[in-house]
Every structure is written in structure tokens, then in C-alpha cells.
Amino acid sequence: LAKFDILAFCMYKYVGMIMCLVTGMFFSTSGYYLALAYSSLALALFLFRTLHLRVEPEVHGVESHGKRKIWLLATMVGWQPLVMLWMTYSFIPSYTILTGQPDMGDI
């Protein structure tokens, strides 16, 4: 992979992070966690499929599976949702914008 490919693949998590924070503003913590789960699964699926094709291309219909490459991909894919949670955890709202009332879990 080229430097710019790696940089581009690392930046996809920011779209999911923004979606999680905006959803959390309107639907409080439950909306945040639901959006985080959805965007994490979508990001993991996209990254694994795309990186699998880039790292280990199919040559003349024969696939060669290297266990180290698969574990590296799984580590990279699993790390991205954890970074998303870590970078947005302090911004989880405790109340919604629409009602302005505190969430029942905070009382």
C-alpha cells in the first residue's frame, strides 16, 4: 500500500465519528451508541474487504492466504472502531437538543 492509501483508509473513521456525534445530539446516548455500532460495523466491513483486495490480490483465480496478512488486516480493522469510541467518548451528550431535558440515566 502507498502512503496516501494508508492515510485515506485511516481517515474514513472521521465520517462515522461525525455521524455518531450528530445522532447523539438529537437522540442522546442511545442514539450515539446505535450510530457508533452501525458505523463501526460498516467501516470494519468496508475496510476489511477493500484492504483484503489490496494486500492479497487474487492471481489467476488462485488465492494465497497468508495468516500474518489476515491478522494484520483484522488488527487494523478492529482498531478503527476503538479509536472512534476513544475520540468521541468525552462528547457523548447527556441530554437531547430537541427537549433540553436531562437523560433518565443521568438522574
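All values derive from a computational prediction rather than experimental measurement. All values below come from the heavy atoms of this structure, side chains included, with hydrogens, waters and symmetry mates left out.
A distance of 12.0 Å separates OG1 of Thr29 from CG of Leu36, quoted to the nearest 0.5 Å. Put simply, CE on Met84 and CE on Met17 are 7.0 Å apart, with the number rounded to the nearest 0.5 Å. Going from atom CG of Leu45 over to atom OG1 of Thr50 covers 8.5 Å, rounded to the nearest 0.5 Å. Between atom CH2 of residue Trp79 and atom CH2 of residue Trp86 there is a gap of 8.0 Å, rounded to the nearest 0.5 Å. In this structure, Leu34 CG and Phe27 CZ are separated by 9.5 Å, a value rounded to the nearest 0.5 Å.
Partners of Phe48 according to the ring-ring contact (aromatic ring centres under 6.0 Å, His included) rule, which considers only residues two or more places apart in sequence or in another chain, are His52. The ring-ring contact (aromatic ring centres under 6.0 Å, His included) search around Tyr33 returns none, not counting sequence neighbours. Residues satisfying the side chain to side chain donor-acceptor pair (under 3.5 Å) test with Ser40, not counting sequence neighbours, are none.
Linking Ile, Leu, Val, Met, Phe, Trp and Tyr residues whenever their side-chain heavy atoms come within less than 4.5 Å places Val83 and Phe46 in a single cluster. Hydrophobic clustering (side-chain heavy atoms under 4.5 Å, transitive across Ile, Leu, Val, Met, Phe, Trp, Tyr) keeps Met76 apart from Leu41. By the rule that hydrophobic residues join a cluster once side-chain heavy atoms approach within less than 4.5 Å of another member, Leu85 and Leu43 end up as members of one cluster. Under a hydrophobic clustering in which Ile, Leu, Val, Met, Phe, Trp and Tyr are joined whenever their side-chain heavy atoms come within less than 4.5 Å, directly or via other members, Met87 and Val77 fall into the same cluster.
Taking all atoms of both residues into account, the shortest heavy-atom contact from Gly31 to Thr23 is O-CG2, 3.4 Å. Closest non-hydrogen pair, Ser39 versus Met19, comes out as CB-CE, 3.4 Å.
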key: side chain to side chain contact (heavy atoms under 4.5 Å, CB included) assessment of Gln80 paired with Leu47   = CA-CA 9 Å; Gln80 298 299 317; Leu47 284 178; 3.6 Å; yes

